[in-house]
Amino acid sequence: KTEEMIQQYLAEDNQQARSVYDLSKVQRSLGKQKLVFTELSFDKISYRPGDDVEIKMKLRSDGERYADLLFGVNISDSMGNCVIHLSNIFLNQINISHREEAVYQFRIEGINIKPGRYVVRLFIRANEETQDWIDNTAILEIDDGNIYSFENSQMIQGLVQPRFTFKQIV
């Protein structure tokens with residue numbers, strides 16, 4: 001059992017970031033699975049701190065009508081800490097009904113997090129029920145760099161790189 005867990009950990013660690021993920025055969029954690037994610041895509045394979053990030057998702061249904069879609073996208077660090085949580089409900093965009101041809105998109109304006117590898121979790125709720133939930137769906141890679149154009153990114157310890165100002169007040 002321990003050997004199996006080690007092999008799974010190593011396999012996850014060796015996953016490569018890519019721009020498109022086929023989710024049709026991915027193991028699901030929870031949900032009715034009558035409305036499921038079929039594809040997750042990013043506009044690039046990797047990003048630098050400060051880049052805009054586009055996350056697109058496609059869904060497939062069993063033909064029933066699905067309304068009041070509530071999406072959740074979590075981006076977590078290697079320790080499992082949720083660094084970014086996106087949801088259409090935070091923007092009061094809740095009156096969304098599913099159409100098979102639809103593509104759903106989140107856009108992060110300036111991803112200001114520390115360089116590294118992050119995992120993505122997806123969630124969809126519709127008709128007041130959890131429909132699909134996928135852990136460790138994809139890898140989001142943030143390349144070396146920082147939003148400050150500081151030459152030594154290793155000196156920046158924080159997980160988040162906020163825009164800030166500094167001045168001396170006399």
Side-chain angles (χ1 to χ4, degrees), residues 1-23 26-31 33 36-37 39-59 69-94 104-126 129-166:
K1 189 113 175 149
T2 303
E3 181 66 27
E4 185 179 311
M5 288 178 67
I6 291 170
Q7 292 304 321
Q8 180 181 353
Y9 174 79
L10 292 173
E12 288 174 4
D13 196 46
N14 286 329
Q15 260 190 325
Q16 296 296 314
R18 53 187 192 268
S19 60
V20 178
Y21 292 83
D22 178 0
L23 306 177
V26 172
Q27 182 176 343
R28 267 62 178 169
S29 298
L30 296 170
Q33 298 175 16
V36 296
F37 293 101
E39 183 177 290
L40 172 71
S41 64
F42 300 100
D43 57 322
K44 297 195 284 188
I45 292 175
S46 64
Y47 300 88
R48 290 185 47 81
D51 284 352
D52 291 348
V53 177
E54 284 185 6
I55 302 169
K56 293 181 182 176
M57 300 155 293
K58 293 182 182 177
L59 298 169
L69 302 183
L70 189 155
F71 288 88
V73 176
N74 286 3
I75 300 172
S76 301
D77 66 11
S78 61
M79 302 296 286
N81 299 308
C82 181
V83 178
I84 297 172
H85 180 196
L86 308 173
S87 181
N88 55 300
I89 199 169
F90 301 158
L91 304 174
N92 293 313
Q93 295 182 13
I94 53 174
Y104 305 93
Q105 175 185 303
F106 284 103
R107 181 177 175 83
I108 300 171
E109 297 174 2
I111 190 156
N112 297 334
I113 57 178
K114 186 175 189 164
R117 179 176 269 206
Y118 298 85
V119 294
V120 178
R121 175 182 298 135
L122 296 177
F123 168 88
I124 182 71
R125 180 178 168 91
E129 293 183 285
T130 298
Q131 298 295 329
D132 200 9
W133 180 317
I134 310 174
D135 287 322
N136 303 327
T137 307
I139 298 205
L140 179 67
E141 189 86 38
I142 306 297
D143 295 331
D144 192 37
N146 61 79
I147 66 168
Y148 313 118
S149 300
F150 185 67
E151 69 273 357
N152 186 352
S153 292
Q154 300 303 315
M155 286 183 66
I156 301 171
Q157 297 176 19
L159 188 58
V160 177
Q161 298 176 3
R163 298 195 186 286
F164 67 94
T165 62
F166 173 82

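Computed from heavy atoms alone, side chains included, the values below leave out hydrogens, waters and symmetry copies.
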Does Q105 offer a backbone N or O that forms a donor-acceptor pair with the side chain of R107 under 3.5 Å?
no
Quick check: closest heavy atoms across P49 and N112, and the distance to 0.1 Å?
C-OD1, 4.4 Å
Side-chain heavy atoms of L86 within contact of I108, under 4.5 Å:
yes
Please say which of I55, N74, L40 ends up in a side chain to side chain contact (heavy atoms under 4.5 Å, CB included) with L122.
L40
Under a plain distance cut-off of 3.5 Å, with no hydrogens placed, do D143 and S46 share a side-chain donor-acceptor pair?
yes
Going from CZ on F71 to OH on Y104, what distance comes out if it is rounded to the nearest 0.5 angstrom?
5.0 Å
Any donor-acceptor pair under 3.5 Å from Q161 side chain to I147 backbone:
yes
Heavy atoms of T137 and Y21 approach each other most closely as O-CD2, 3.8 Å
Rounded to the nearest 0.5 Å, how far apart are CG of D51 and CD of E109?
13.0 Å
Might you work through the side chain to side chain contact (heavy atoms under 4.5 Å, CB included) test for V83 and L159, ending with a clear yes or no?
CA-CA 8 Å; V83 178; L159 188 58; 3.6 Å; yes
Measure the spacing between CZ of F90 and NE2 of H85 and express it to the nearest 0.5 Å.
4.0 Å
Say whether, by atom type as modelled, one donor and one acceptor occur between the side chain of D43 and the main chain of E54 under 3.5 angstrom.
yes
When you look at F150 and M155, which way does the side chain to side chain contact (heavy atoms under 4.5 Å, CB included) test go after all the steps?
CA-CA 9 Å; F150 185 67; M155 286 183 66; 3.9 Å; yes
Exercise: identify the closest heavy-atom pair between E141 and A17
CB-CB, 3.9 Å
Closest heavy-atom pair, N88 versus I94, reported as atoms and distance to 0.1 Å, is ND2-CA, 4.3 Å
Straight-line distance of F106 CZ to S87 OG, nearest 0.5 Å
5.5 Å
From I89 CD1 over to R125 CZ, what is the distance, rounded to the nearest 0.5 angstrom?
9.0 Å
Side-chain contact test, heavy atoms from C-beta onward, threshold under 4.5 Å: evaluate it for V120 versus F42 and give yes or no.
yes
Closest non-hydrogen atom pair, I142 against R48
CG2-C, 4.4 Å
Worked check of side chain to side chain contact (heavy atoms under 4.5 Å, CB included) between N81 and S76
CA-CA 5 Å; N81 299 308; S76 301; 6.0 Å; no
Could you walk me through whether L59 and V36 satisfy the side chain to side chain contact (heavy atoms under 4.5 Å, CB included) test, starting with their C-alpha distance in whole Å, then the side-chain angles of each, then the deciding distance to 0.1 Å, before giving a yes or no?
CA-CA 5 Å; L59 298 169; V36 296; over 6 Å; no
Using 0.5 Å steps for rounding, measure from the CE atom of M57 to the CD atom of E39.
11.5 Å
Looking only at heavy atoms, which two atoms of Y118 and D77 are closest? And how far apart?
CD2-CA, 3.7 Å
Has N152 got a side-chain atom pairing as donor or acceptor with Q154's backbone, closer than 3.5 angstrom?
yes
Using side-chain heavy atoms (C-beta onward) and a distance below 4.5 Å, is I124 in contact with F37?
yes
